[in-house]
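This report concerns only the one structure given below.
Throughout, protein chains are lettered first and strands after them, A, B, ... in sequence-line order, and every chain is numbered starting at 1. Everything numeric here is computed off the predicted structure, so don't read it as measured data.
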Number of protein chains: 2
Amino acid sequence: MTKVTLIDVGREAGVSAITVSRALRSPEKVSDSLRAKVEAAVRKLGYVPNQSASALASSETNSIVVMIPSMSNHVFTDVLRGIEDALKDTRITLQIGNTGYDPLEEERILRSFLNPAPKGVILAGIEQTDETRSMLANIGVPVVQIMDLSDAPIGKIVGFSHEKAAMSAVQHLLDQGYQKIGFLGAQMDPRSQKRLAGFKRTLQNADLLDEQAIVVTNRPSDVRTGSNLYGKLMQQYPECDAIFCNNDDMALGVLFECQRRGINIPRDFGLCGFNDLGVTAECVPTISTVQTPLFEIGQTAGTILLKGLEQYPEDTIDLGFAVAPRESSRK
Amino acid sequence: MTKVTLIDVGREAGVSAITVSRALRSPEKVSDSLRAKVEAAVRKLGYVPNQSASALASSETNSIVVMIPSMSNHVFTDVLRGIEDALKDTRITLQIGNTGYDPLEEERILRSFLNPAPKGVILAGIEQTDETRSMLANIGVPVVQIMDLSDAPIGKIVGFSHEKAAMSAVQHLLDQGYQKIGFLGAQMDPRSQKRLAGFKRTLQNADLLDEQAIVVTNRPSDVRTGSNLYGKLMQQYPECDAIFCNNDDMALGVLFECQRRGINIPRDFGLCGFNDLGVTAECVPTISTVQTPLFEIGQTAGTILLKGLEQYPEDTIDLGFAVAPRESSRK
DNA sequence: TTGAAAGCGCTAACAA
DNA sequence: TTGTTAGCGCTTTCAA
């Protein structure tokens with residue numbers, strides 16, 4: 001079974017290689033009897049197409065490139081599941097690149113993934129380098145950005161407004177009667193910065209903003225970081241009576257730290273997370289959060305590439321968000 | 001910048017295409033002045049190698065295929081991080097396949113990834129189909145299985161004993177004075193089955209096994225499932241005084257459910273998770289667990305493929321595990 | 001509906 | 001140290 005080629009299959013079926021290729025690629029353009037013969041030969045010999053040869057000859061691949069900042073963050077694995085869902089009945093393969101939140105790394109990896117050109121490219125965020133943009137333009141490959149919104153997308157963009165989402169979350173805490181609201185942020189990528197901007201804006205409008213109420217780090221977002229930053233915040237802003245966290249795992253860390261310190265949530269302290277990563281709906285008390293359409297973003301991006309960008313009238317697709325009020329903010 | 005080829009670079013540098021290829025692939029075999037000229041031309045023209053053409057001509061790719069059962073389970077993203085770490089200073093690309101815990105799906109995806117042949121293949125578990133095994137044998141590609149141990153690995157295998165790990169966990173609960181120990185299992189893949197076997201064996205040895213103490217589901221492992229299965233277990237085995245969960249997120253679900261029911265952990269009830277996925281070290285109380293070398297497994301598998309299987313004397317590499325006693329089992 | 005010829009961009013093997 | 005020739009396995013184009 002060493003290296004079965006189209007020629008071998010053709011010999012077995014008594015036809016030429018090109019005929020086999022056609023029988024496999026466009027079965028409708030071939031007589032029934034031929035198709036049956038070819039399929040039998042393929043099965044008998046265990047033929048598997050050589051993707052390199054195919055891509056080289058046709059200058060077309062069957063892969064879609066996805067560049068995400070991190071595999072450890074559930075946010076992006078949820079998005080990936082959405083993309084996989086959109087592509088599940090096709091022969092399209094995902095080529096996943098991990099950028100580590102670095103646009104230059106994104107550029108470097110993407111370059112190596114762009115020749116031969118993939119069917120499409122999905123990029124997280126809108127912070128691509130100029131070089132990345134010009135590479136993509138030169139190649140002319142369909143591009144979908146995800147997770148954010150933009151007035152000037154490279155191709156299409158599917159996401160939601162991080163600033164508005166944060167504003168809604170903070171407004172929710174205000175509506176519940178909390179006044180001294182703090183912000184805890186890890187992994188301060190550009191979308192987190194927008195959430196911080198939304199936080200600031202809402203409190204400014206209410207004339208309640210205190211710069212001491214903001215604690216951020218560039219470390220990855222996780223439970224322990226939530227606990228740690230909570231401690232830091234309470235030192236520099238002791239009057240704090242509620243927190244908005246830029247990711248659910250941070251909020252969980254705050255909850256645990258409050259339990260350790262004997263602080264009652266929601267009576268003494270309000271809490272709201274972000275992204276609805278599952279566990280905030282289960283813990284005690286449940287933690288209010290902002291539901292973001294992660295799976296749907298992936299699904300939509302995949303579908304757009306599948307159907308062709310031109311099938312979608314708008315360049316920007318805002319999938320919105322929803323504040324999910326739970327026990328942690330029911331004062 | 002449309003389609004710059006080696007010939008274009010060669011023309012720019014005043015040499016032939018093959019010389020450019022050599023200058024790029026083995027710079028040490030080329031004169032300094034030539035190398036400089038070629039590098040300048042590459043930069044000027046923005047040349048990027050066509051991987052399909054390269055793979056076709058050399059019958060060699062620069063990719064390693066990784067087949068994992070799920071992207072949503074942190075267990076496998078930790079392993080992936082390990083693989084990426086081992087490969088970070090190379091030009092090797094990961095081709096990730098998501099099997100959904102289905103050996104036939106693994107076979108299907110793997111087949112499409114095997115022509116042209118990758119540099120190596122990493123497979124989770126030991127449940128490959130006969131067809132998968134024979135494909136891999138025919139191609140002669142280096143294979144590393146991970147996450148488990150086996151007497152007859154396809155190539156090498158890197159993992160630990162799930163049965164022994166579970167036995168240690170259950171023994172720990174016994175040592176702490178718990179007697180009526182239950183088992184909660186989701187996503188009952190073959191490795192989970194081995195953990196269940198370890199659970200049974202240890203309790204059998206102590207003459208404390210009750211079949212009513214076992215509750216499993218094939219749904220994915222998550223926090224809510226932990227809470228739900230806890231309820232089911234307490235119905236059918238009310239005398240239960242401790243639980244061993246087959247994954248940390250399930251254990252967290254049990255903790256939350258106990259909080260809701262006013263059951264004190266560890267005084268009234270003991271708890272131990274599995275895999276040490278981070279959050280069990282942070283919650284209140286902290287949850288005892290079994291630390292498994294997920295990152296190291298990935299790292300080792302990547303390194304083995306990088307250096308060549310033959311560099312490693314043993315076929316089976318047991319990276320072990322460690323019970324991490326925490327508050328949830330300190331009766 | 002099927003086939004022959006040519007070539008995708010690169011590299012192995014050999015030659016100079 | 002550099003170049004020539006041939007060909008990897010497939011698909012495109014054109015012809016039958």
Hey, what are the protein-to-nucleotides 5-8 of chain D N/O distances that come in under 3.5 Å?
| residue | atom | partner | partner atom | Å |
| --- | --- | --- | --- | --- |
| D:dC8 | O2 | B:Leu56 | O | 3.4 |
| D:dC8 | O2 | B:Ala57 | N | 3.3 |

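Taking A:Asp85 as the reference, A:Lys88 meet the salt bridge (Lys or Arg N to Asp or Glu O under 4.0 Å) condition, with sequence neighbours excluded. Not a single salt bridge (Lys or Arg N to Asp or Glu O under 4.0 Å) links B:Arg133 to another residue, sequence neighbours left out. Partners of A:Ala55 according to the side chain to side chain contact (heavy atoms under 4.5 Å, CB included) rule, which considers only residues two or more places apart in sequence or in another chain, are A:Thr61, A:Pro116, B:Ser52. Partners of A:Thr129 by side chain to side chain contact (heavy atoms under 4.5 Å, CB included), not counting sequence neighbours, listed by chain and number: A:Pro103, A:Leu104, A:Glu107, A:Glu131, A:Thr132. Take B:Glu127 and apply the salt bridge (Lys or Arg N to Asp or Glu O under 4.0 Å) test, not counting sequence neighbours, and it matches no residue.
Between the side chain of B:Asp8 and the backbone N or O of B:Thr5, at least one donor-acceptor pair lies under 3.5 Å.
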Item to check | CA sep, side-chain torsions, deciding dist, call: A:Glu60, A:Lys119, side chain to side chain contact (heavy atoms under 4.5 Å, CB included) | outcome: CA-CA 7 Å; A:Glu60 230 183 60; A:Lys119 272 208 157 21; 4.0 Å; yes
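If you walk DNA chain C from 5' to 3' and mark each nucleotide with an atom closer than 4.0 Å to a heavy atom of chain B, the marks span C:dG9 to C:dA12.
Contacts with DNA chain D (heavy atom under 4.0 Å) in residues 24-31 of chain A: A:Arg25, listed by number. Annotation: proximity of residues 112-119 of chain A to DNA chain D (heavy atom, distance under 4.0 Å) is found for no residue.
Residues B:Leu94 and A:Ile96 are not in side-chain contact: their nearest non-hydrogen atoms beyond the backbone lie 4.5 Å or more apart. At least one side-chain heavy atom of A:Arg191 sits less than 4.5 Å from a side-chain heavy atom of A:Pro69.
Considering only side-chain N and O atoms, A:Ser21 lies under 4.0 angstrom from the phosphate OP1 or OP2 of D:dT11.
Residue pairs that meet the ring-ring contact (aromatic ring centres under 6.0 Å, His included) test with at least one member in residues 24-69 of chain B, sequence neighbours left out, do not exist here.
Heavy atoms of A:Ser54 sit under 4.0 angstrom from primed sugar atoms or phosphate atoms, though from no base atom. Among the heavy atoms of the strands, none lies under 4.0 Å from A:Ile7.
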Atom pairs and distances, side-chain donor-acceptor, residues 32-41 of chain B, under 3.5 Å, sequence neighbours left out:
| residue | atom | partner | partner atom | Å |
| --- | --- | --- | --- | --- |
| B:Asp32 | OD1 | B:Arg35 | NH2 | 2.7 |
| B:Arg35 | NE | B:Pro27 | O | 3.2 |

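Rounded to whole Å, atom P of D:dT1 lies 10 Å from atom CZ of B:Arg22.
A:His74 has its ring centre no less than 6.0 Å from the ring centre of A:Phe76.
Between B:Leu149 and B:Gly159, the shortest heavy-atom distance links the atoms CD2-C, 3.7 Å.
In this structure, B:Arg81 does not pair ionically with B:Glu84, as no charged nitrogen and carboxylate oxygen lie closer than 4.0 Å.
Atom CD1 of A:Ile7 has 12 or fewer neighbouring heavy atoms from other residues, nucleotides or ligands inside a 6.0 Å radius.
For the helix from C:dT1-D:dA16 to C:dA16-D:dT1, the axis fitted to the five pairs at one end and the axis fitted to the five pairs at the other end meet at an angle of 30° (nearest 10 degrees).
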